Amino acid sequence: MFYPRILTVQDISCVGQCSLTVALPILSACGIETAVLPSAVLSTHTAGFSGYTFRDLTEDMPAVSAHWEKQGLTFDALYTGYLGSIRQVDEVLAIIDRNLARDGRVIVDPAMADNGKLYPGFDSVFVSRMARLCGRADYVVPNITEAAMLTGLPYRTEYDRAYIDALIAGLLSLGCRGVILTGVSYEAGTTGVVVYENGEYAYYAHVKLENSCHGTGDIYSAAFVGALVRGKSAYDAAVIAADYTVLCIRTTAEVENHWYGACFEPVLSHLITALNA
Ligand code: PXL
């Protein structure tokens, strides 16, 4: 039986429905053995909460990776999300060299910014180190803000295909093989995702909902990675992840006062159904 093992490296935000507390259940639901390397533990995520705790686990990362190597453990894919420091990015680069299976794939969600702004705690030095990690990726999964920062292009809220093409060209010039660019909207009322691979551009548009939720980028990438590792093409995986994320946002709108994350759990069965179609 095909039973891949993936490693995901990102923080645990104890409350907040993002990063590992989203990636682990989603990847497990996709039927993939999921190993985790928590890069930090925070009491909550950093968007909208104040006074959160932050326990940096960077020091532990090299020893964990060395132990896996000693045990002969390798991973069929490595998926990174929010990384809390430059040193953590460097540790992930070392993990690619040490712990990835020979033909293992690397998927990088450079989770560091949205709506034209970096998340708290990040600066331009971090962005350039993240660009280096993106250069080692088979697929990068940025939103438009992250793509603009990684490529040094201006962030725009109104744009045409030429701007998107320039972002993609800039991302490819970092060294990655494929690009999944999220939140691309060419007309009011719809948004979507661009998939660029092997010289081919594809666009999947879907409804743009009124409400937006924190953490949907993490839900999207985890579902994309799950579908990809399950054997779907990058485009099919991008579509499955988009439809699932829209459903999560719709579901969240039905819950009163749920401001800090998206309700992804009640609709996990839809993701599983889509994967088996
Ligand atoms: O959703 C990305 C994310 C992950 N982890 C932490 C965050 C954020 C976004 O703000 O603060 C700790």
Side-chain angles (χ1 to χ4, degrees), residues 7-27 34 36-58 60-61 78-89 91-92 107-124 126-127 129-131 133-134 137 139-150 155 180-183 191 193 209 211-226 241-242 244-246 248-249 251-252 258-265:
L7 169 65
T8 183
V9 186
Q10 36 194 318
D11 71 279
I12 295 179
S13 289
C14 300
V15 174
Q17 288 173 310
C18 68
S19 41
L20 265 188
T21 65
V22 162
L24 182 55
I26 288 180
L27 290 165
T34 307
V36 297
L37 180 48
S39 55
V41 178
L42 295 85
S43 50
T44 64
H45 62 60
T46 65
F49 291 102
S50 59
Y52 45 83
T53 68
F54 186 100
R55 169 78 57 192
D56 188 345
L57 298 178
T58 313
D60 294 349
M61 293 171 74
L78 167 67
Y79 154 42
T80 67
Y82 181 101
L83 298 170
S85 68
I86 288 172
R87 270 197 59 209
Q88 285 180 7
V89 178
E91 290 306 332
V92 169
I107 304 104
V108 174
D109 175 353
M112 60 183 182
D114 206 0
N115 300 315
K117 278 199 220 130
L118 282 169
Y119 296 145
F122 293 129
D123 58 17
S124 58
F126 180 86
V127 173
R129 203 59 132 249
M130 182 55 88
L133 176 57
C134 288
Y139 296 100
V140 291
V141 193
N143 58 35
I144 291 189
T145 303
E146 290 155 349
M149 290 178 174
L150 288 164
Y155 169 68
I180 317 299
L181 184 60
T182 62
T191 187
V193 53
L209 299 171
N211 61 319
S212 68
C213 316
H214 183 264
T216 48
D218 298 353
I219 291 171
Y220 183 85
S221 341
F224 168 76
V225 171
Y244 175 60
T245 307
V246 168
C248 293
I249 300 172
T251 307
T252 310
H258 195 80
W259 63 270
Y260 55 76
C263 308
F264 68 96
E265 307 89 343

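Bear in mind that the values here come from a model prediction, so they are computed numbers and not experimental data. Numbering of ligands and ligand atoms starts at 1, following listing order.
In terms of protein heavy-atom proximity, atom 7 (C) of ligand 1 is nearest to Tyr82 CE1, 3.5 Å. Protein heavy atom in closest approach to atom 5 (N) of ligand 1: Asp11 OD1, 2.8 Å. Protein heavy atom nearest atom 11 (O) of ligand 1, with residue, atom name and distance: Thr46 OG1, 2.6 Å.
If you number the atoms of ligand 1 from 1 as listed, the ones under 4.0 Å from a heavy atom of Ser13 come out as 5 (N), 6 (C), 12 (C). Below 4.0 Å from some heavy atom of Ala47 lie the following atoms of ligand 1, by number and element: 10 (O). Near Cys18, meaning under 4.0 Å from one of its heavy atoms, ligand 1 places the atoms 1 (O), 4 (C), 5 (N).
Closest approach of Pro110 to Leu150, counting heavy atoms only: CG-CD1, 3.8 Å. Thr182 and Asn143 make their closest contact through OG1-CA, 3.4 Å (heavy atoms, listed as atom of the first residue, atom of the second, distance). Closest of all the heavy-atom pairs between Asn115 and Thr145 is N-OG1, 3.1 Å. In this structure, Gln88 and Met61 approach most closely via the heavy-atom pair CG-SD, 3.9 Å.
Residue contacts with ligand 1 for Asp218 involve side-chain atoms from C-beta outward but no N, CA, C or O (heavy atoms, distance under 4.0 Å).
Ring planes of His45 and Trp259: perpendicular class, angle over 60° (limits at 30 and 60°).
Judged by the shortest distance from any of its heavy atoms, Gly217 lies outside the 4.0 Å radius around the atoms of ligand 1.
The residue among Met112, Gln17, His214, Gln10 with a heavy atom at the shortest distance from atom 10 (O) of ligand 1 is His214.
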Quick one: do Tyr79 and Tyr139 satisfy ring pair (Phe, Tyr, Trp, His ring centres under 6.0 Å)? Show the steps, please. CA-CA 10 Å; Tyr79 154 42; Tyr139 296 100; over 10 Å; no
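Checked against a 6.0 Å centroid threshold, the rings of Phe122 and Tyr82 count as neighbours.
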